[in-house]
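One structure is given below, encoded as structure tokens.
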Number of protein chains: 2
Amino acid sequence: MSEQQTEQEFLASYNIHDYDIPLTSVDMAIFTLHDEQVHVLLVKRAQHPALGQWALPGGFIDISSDKTLEQTAQRKLKEKTGVDTPYLEQVATTGNHHRDPRGWSVTVSYFALIAHNEFQLQKDASSDQVVWVPVDDVSSTYTLAFDHQEILQQCYERLRNKVQYTSLPVNLLPQEFTLTELQKTFEIILGKSVEKKSFRRRLLDADILEETGSTRKGSNRPAKLYRVKPEGESHFFPRNIEGPR
Amino acid sequence: MSEQQTEQEFLASYNIHDYDIPLTSVDMAIFTLHDEQVHVLLVKRAQHPALGQWALPGGFIDISSDKTLEQTAQRKLKEKTGVDTPYLEQVATTGNHHRDPRGWSVTVSYFALIAHNEFQLQKDASSDQVVWVPVDDVSSTYTLAFDHQEILQQCYERLRNKVQYTSLPVNLLPQEFTLTELQKTFEIILGKSVEKKSFRRRLLDADILEETGSTRKGSNRPAKLYRVKPEGESHFFPRNIEGPR
DNA sequence: TGACATAGTGTCTTATTGACACTATCTTAG
DNA sequence: CTAAGATAGTGTCAATAAGACACTATGTCA
């Protein structure tokens, strides 16, 4: 290195291919609700490495088309599900020398929440098969590629933790829903029942929902429909939800 | 690409230098407490790009010596402060095409909490100057390189948020401390005072501290000294701490 | 028109926090 | 030796919010 190089000179002579740097990718756990269970999307890899194995959707940053990391994640999600405005949250970044046979590798994991009625599965070039699997069944039924089992675990744990003190589950429902449906959603993720009155107080007092004016009719008293107010999709409650004592 | 390549063949022919991939680095906000203020460590860059500008300590993953991403962060911290077992938490990963003049770049940010008495500043090759700055003064006093201002902001916000529902601040104190000192620490980060009895109940009921048996003497009633129990350094309280009404 | 099913509420009990005055125990000055 | 000053630490009650659960409300359907 010369002694008095300007930044311009430095950048002119800089060539990223001269360095040994890690691979960087994005992986996603896309969650939805179906049959009273949280499901996650898995893809069968159509490319080396780990060809033919099940994995979380993901891939490399396309530095020519992606402007930001989040765009990479959005793109992957859109490719697989057609959904383009989900709840998307970055979970963690895992990097080490052994997780990918190609060498030192870093992956940024995200989870997405989408409503079960609002997507259509897409089949794209990079995967020949796509399935929704109940999260609780993944480890017993599938052997995921790389460290995707752990990444999925992290994402699911983040979700389950945040159910205790945020309004995240609203993102798993269609735009309009009843309080009972929302309560059921919380209960599924929490894995335990919650008391009706407390639940309603909690949600209504938080002022994150608004009535749509219409109702959901069944063979009983019609339930008011609600939608989420603009900033309600990620409200933080001042205390954790608790199950029955 | 051949049609029926084995994974072995694929890996043999794989050369990372054939691809356009982003740069990946680690940046850290190292926090400590001093003069009743949270301080963060800044370094003056001794290398291009942004030579001579102040920045958060950080750098590239050394794929030959670092085994994991966290090790990269640990190594950076050790180089600057000599501390090697701090509280370390990954905050976020930022990646886009414009944050670094060398091209598409991804950085994983961490924050570390260290006790003010437990480190010695080191000067190493990659930086000629190092300073501790009160976090609240950074934006008015320094112009940080790259997007480090935003990264610092994220880290500090994470810390301030977590003070409300975790025991994190214990990591800013020496191994032994009094409850009053701990309360003061919470108050500094929260930016408001908390009620003594409530605070003590909260901490003691959580069962994360143990008495050391000795006391801190002053010109008044001696205060019991406590240390943190093994898993107390990151306890989650079931509800947020609240200020006075 | 009455049974049923689910939506939604009234209200009491219980748990936890906030407020704040009080007691405890040290040092230091005289 | 004692009283003043200072900070540590506690007792206790009021205020707040959640849990429990019975109750009412409003629709469908036979």
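Side-chain atoms are counted along with the backbone in the values below, which use heavy atoms only and exclude waters and symmetry mates. Every chain is numbered from 1, with letters handed out A, B, ... down the list of sequences.
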Legend entry - Test item: side-chain donor near acceptor, B:D27 and B:S109, under 3.5 Å: no
Inset, instruction - Examine the side chains of B:T94 and B:T107 and answer whether a donor and an acceptor come within less than 3.5 Å of each other. - result: no
Legend entry - Donor/acceptor link under 3.5 angstrom from A:K196 side chain onto base of C:dG8: yes
Legend entry - Under 3.5 Å donor-acceptor pair, B:R201 side-chain atoms to C:dG18 base atoms: yes
Inset, instruction - Answer with yes or no whether B:K197 presents, from its side chain, a donor or acceptor under 3.5 Å of a partner atom in the base of D:dG9. - result: no
Inset, instruction - Say whether A:E150 and A:Q154, considering side chains only, have a donor N or O and an acceptor N or O under 3.5 Å apart. - result: no
Inset, instruction - Quick one, give me the B/S/- string for nucleotides 25-30 of chain C, reading 5' to 3', where B means a protein heavy atom under 4.0 Å from the base and S means that only happens at the primed atoms, P, OP1 or OP2. - result: BBS---
Inset, instruction - Check DNA chain C against residues 231-239 of chain B and give the residues with a non-hydrogen atom under 4.0 Å, in numerical order. - result: B:R239
Inset, instruction - Find which nucleotide of DNA chain D each of A:D205 and B:R200 is nearest to by heavy atoms, and output the residue with the more 5' nucleotide. - result: B:R200
Inset, instruction - Looking at every strand, decide which applies to B:S198 at a 4.0 Å heavy-atom threshold: base, sugar-phosphate, or nothing. - result: base
Inset, instruction - State whether A:K162 and A:E89 are salt-bridged, where the test is any N-O pair (Lys NZ or Arg NE/NH1/NH2 against Asp/Glu carboxylate O) under 4.0 Å. - result: yes
Inset, instruction - Write out all pairs satisfying ring-ring contact (aromatic ring centres under 6.0 Å, His included) with one or both partners inside residues 189-223 of chain A, taking only residues at least two apart or from two chains. - result: A:F186-A:F199
Inset, instruction - Report which part of the nucleic acid A:T215 touches: base, sugar-phosphate, or nothing (heavy-atom distance under 4.0 Å, all strands). - result: nothing
Inset, instruction - Kindly indicate whether the side chain of A:L204, heavy atoms from C-beta on, has any atom under 4.5 Å from the side chain of A:Y226. - result: yes
